[in-house]
Structures are given as C-alpha cells and as structure tokens.
Amino acid sequence: MENNYEQFKKDVYALTKIDLNAYKEKQMKRRIDTLIAKHKYSGYNEFVTGLKTNPVLFDEFVNYLTINVSEFYRNPEQWDYLEKKVIPDLIAKFGHGIRIWSAACSTGDEPYSLVMLLSKFLPLNQIKILASDIDDQVMAKAKTGLYKSQSLNSLPAEFKKKYFKEISPGVFQISDEIKKCVMFMKHNLLKDLYPRDYHMIVCRNVLIYFTEEAKLEIYRKFNDSLVREGILFVGSTEQITNYKELNYISPKTFFYQKN
C-alpha cells in the first residue's frame, strides 16, 4: 500500500475535495490503513473503487475525516450586531481594506463566518481574514472545510444555500471561494509575537481556559494589535470587567473598542 498513497490522495481529492496533504501524513495514513483493513480491501486502489461504487462506504469514509464539534454564527444576535453596526462602522472609518484577525480559530467556523458576513458588504476578492491557532490538526480540518449539519444550525439560510454543498448525508463542504479568503497561521497566544494594525480581532470562547493573569496579558496584547478605534469581539462567557484599565471602551457587551 505504501507505494501508491500519493495516487490515493489524488483520487480522494477528486472524489471528495478532501485534501489529505493538509493532514499530518503519518497519523492520517495510519487511520486510513486501519479503515481499509477493517473492510478487508487489499490496498488503496481497491479501496478507491469501493468508495466509487459503495455509497455506504463513501459516507463512512467522509464521516471518518470530518469535524466533530463546531458551530457557525455562534450566538446569532451578536453576529446581527456585527452586521448592522460593527462592520458598517469599520468600513466607514477604514475603507474596504479592513484587516480582521480570527485568533484561536479552531476548526474555521469563525473566520469562514466572517468571510460570509463580509460578502454582504464587499466582493470576495477584497476579503482577507487572518486565522490563527496553536493546533495544526484543527487548522488542517479548517482548511479541508467539512462540517456536520448541526454546525450550520445558526448559519443564515442564504449562506448555507450559496456557499455549502452536501457531499454525503449530513456532511457539508464549504466552497473554495470562501476558503480562499482565509489565510491560516500557527500562533501561540501566550508566547508568539502578535500581528499589528488590525481593525478587528475576534477571539471567542477560548480565554475561559486561561488564568486571570494570562487573560489580562492577552487583552493588552490584543489592544496593541488593534488600530485606534479597532474592535475586539469576545465570547459570551468572556466579559472584560476591567476593560477601561486595559484601554478599551465597550459600545456593547462582548465588543470592546480600542480607546
């Protein structure tokens, strides 16, 4: 099986648009070999034939590679405020080239949600989101862009219809045109240098896992990363009580503007 794994990756991409090159090869190959052995196929070529002819096997294979827990447009009322107030204000102040960083982006739900929201204001070829995470594996899943149906429950129907394709029951693939708008970068919020001159930073439902001292340091660094009047958007369990001491004002709960 060793010799034709490269061809197998090409065959899988042609069938599913899942790019196995985005995953750590040793781990992914071991998982796939286990699945092939489970179904008693002799090798990659025979398994690909099985994927083409056996819909049940195809669905199992796709589910085997997809993301388990994720959510687009988490807390829809906050995304509504982003659409009606935050994004229009940022574009009015800074023009169409607004720079947005999705920090600790996990499996990509947030940066891709941001691209879709921005598409209501800007053409896709003008949208560029920086997305970062410390975990290569979740970013590999983000780059693949496969999501279970429950991940899309809060997503506006117009976006689901326009930018997703159901490739097997309950598994949806996000369009390449959305993926192209996001640049992924490995980044450790506790150790690495922060990028600068961003108009908005989105970091949600992550800092709840940090100590209070670490949170303060990260919020200060986010403040340094923002342009004046830039916005920090945090999660629903992450209100910053001492935001004034950290050089923010708060136009609305969970949204903090650099003073």
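Numbering of residues begins at 1 and proceeds along the displayed sequence.
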Apply side chain to side chain contact (heavy atoms under 4.5 Å, CB included) to Leu20 and Tyr5, showing your working.
-> CA-CA 10 Å; Leu20 294 178; Tyr5 187 65; 4.2 Å; yes
Kindly determine whether Leu82 and Met200 satisfy side chain to side chain contact (heavy atoms under 4.5 Å, CB included), including the steps that lead there.
-> CA-CA 11 Å; Leu82 264 183; Met200 183 164 75; 3.8 Å; yes
Can you list the steps and then say if Gln257 with Ser250 is a side-chain hydrogen bond (donor to acceptor under 3.5 Å, both in side chains)?
-> CA-CA 6 Å; Gln257 185 179 60; Ser250 183; over 6 Å; no
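- Using cut-offs of 30° and 60° for the angle between ring planes, the Tyr73 and Trp79 rings count as parallel.
- Not less than 6.0 angstrom separates the ring centroid of Tyr163 from the ring centroid of Phe72.
- From Glu177, atom CD reaches atom CG of Leu124 across 5.5 Å, with rounding to the nearest 0.5 Å.
- Taking CD1 from Ile134 and CG from Asn188, the interatomic distance works out to 3.5 Å, rounded to the nearest 0.5 Å.
- Side-chain contact between Val202 and Val234 is absent, with no heavy atoms from C-beta onward closer than 4.5 Å.
- Note: Trp101 and Tyr198 have tilted aromatic rings, judged against thresholds of 30 and 60 degrees for the angle between ring planes.
- Residues Pro88 and Ile91 form no side-chain contact, since every pair of their non-hydrogen atoms from C-beta on lies 4.5 Å or further apart.
- Pairing each heavy atom of Pro195 with each of Leu130, the nearest pair is CG-CD2, 3.8 Å.
- Leu226 and Leu232 make their closest contact through CD1-N, 4.1 Å (heavy atoms, listed as atom of the first residue, atom of the second, distance).
- In terms of heavy-atom proximity, Asp133 sits nearest to Ala104 at OD2-C, 3.3 Å.
- Ring planes of Tyr248 and Tyr256: perpendicular class, angle over 60° (limits at 30 and 60°).
- Between Tyr41 and Leu35 the shortest side-chain heavy-atom distance does not fall below 4.5 Å.
- For Phe184, there are no ring-ring contact (aromatic ring centres under 6.0 Å, His included) partners, not counting sequence neighbours.
- The side-chain hydrogen bond (donor to acceptor under 3.5 Å, both in side chains) check on Lys38 picks up Glu60, with sequence neighbours excluded.
- Among pairs with a residue in residues 250-259, none fulfils salt bridge (Lys or Arg N to Asp or Glu O under 4.0 Å), at least two apart in sequence or across chains.
- Thr253 and Gln239 share no donor-acceptor pair across their side chains, judged by distance under 3.5 Å alone.
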Applying salt bridge (charged side-chain N to carboxylate O under 4.0 Å, His left out), run through Lys186 and Asp136 and close with a yes or a no.
-> CA-CA 7 Å; Lys186 187 169 185 176; Asp136 287 319; 3.1 Å; yes
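- Looking only at side-chain heavy atoms (C-beta outward), Phe8 and Phe47 come within less than 4.5 Å of each other.
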Salt bridge (charged side-chain N to carboxylate O under 4.0 Å, His left out) between Lys120 and Glu158: does it pass, once the steps are laid out?
-> CA-CA 11 Å; Lys120 299 184 82 166; Glu158 61 181 301; 3.4 Å; yes
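- Under a 4.0 Å N-O distance rule, the pair Asp89/Lys85 qualifies as a salt bridge.
- Under the 4.0 Å criterion applied to side-chain N and carboxylate O atoms, Lys84 and Asp80 are assigned as salt-bridge partners.
- Looking only at side-chain heavy atoms (C-beta outward), Val182 and Ile127 stay at 4.5 Å or farther from each other.
- Between the side chains of Arg204 and Asn75, a donor-acceptor pair is found at a separation under 3.5 Å.
- Here the side chain of His187 pairs a donor or acceptor atom with the backbone of Leu193 at under 3.5 angstrom.
- The backbone N or O of Gly170 lies less than 3.5 Å from a partner atom in the side chain of Glu166, making a donor-acceptor pair.
- Ion pairing between a basic and an acidic side chain is recognised when a charged N comes within 4.0 Å of a carboxylate O; Arg74 and Asp109 show no such pairing.
- Checked against the 6.0 Å centroid threshold, Phe222 and Tyr194 count as a close aromatic pair.
- At distances below 3.5 Å, not a single donor-acceptor pair connects side-chain atoms of Ser151 with backbone N or O atoms of Tyr147.
- Although no hydrogens or angles enter the test, the distance criterion places a donor-acceptor pair under 3.5 Å between the side chain of Arg99 and the main chain of Arg196.
- Proximity of a side-chain donor or acceptor of Asn4 to a complementary backbone N or O of Gln7 within less than 3.5 Å is not detected.
- With rounding to the nearest 0.5 Å, the separation of CD1 in Ile87 from CD1 in Ile100 is 4.5 Å.
- Cys105 and Met139 get closest at one heavy-atom pair: SG-CG, 4.4 Å.
- Inter-residue side-chain proximity for His39 and Phe61 is flagged as unmet; no heavy-atom pair is nearer than 4.5 Å.
- Salt bridge present: Lys29 and Asp33 bring a charged side-chain N and a carboxylate O closer than 4.0 Å.
- Ser236 and Asn205 make their closest contact through N-OD1, 3.8 Å (heavy atoms, listed as atom of the first residue, atom of the second, distance).
- Residues Phe255 and Phe233 bring their aromatic ring centres within 6.0 Å.
- Of the possible polar contacts, none joining the Lys143 side chain to the Gly108 backbone as a donor-acceptor pair under 3.5 Å is found.
- Interatomic distance, Phe159 CZ to Leu155 CG, rounded to the nearest 0.5 Å: 7.0 Å.
- Here OG1 of Thr241 is found 12.5 Å from CD of Glu238. Values are rounded to the nearest 0.5 Å.
- Atoms CG and NZ, from Asn223 and Lys221 in turn, are 13.0 Å apart once rounded to the nearest 0.5 Å.
- Between Ser168 and Asp59, the shortest heavy-atom distance links the atoms CB-OD1, 2.9 Å.
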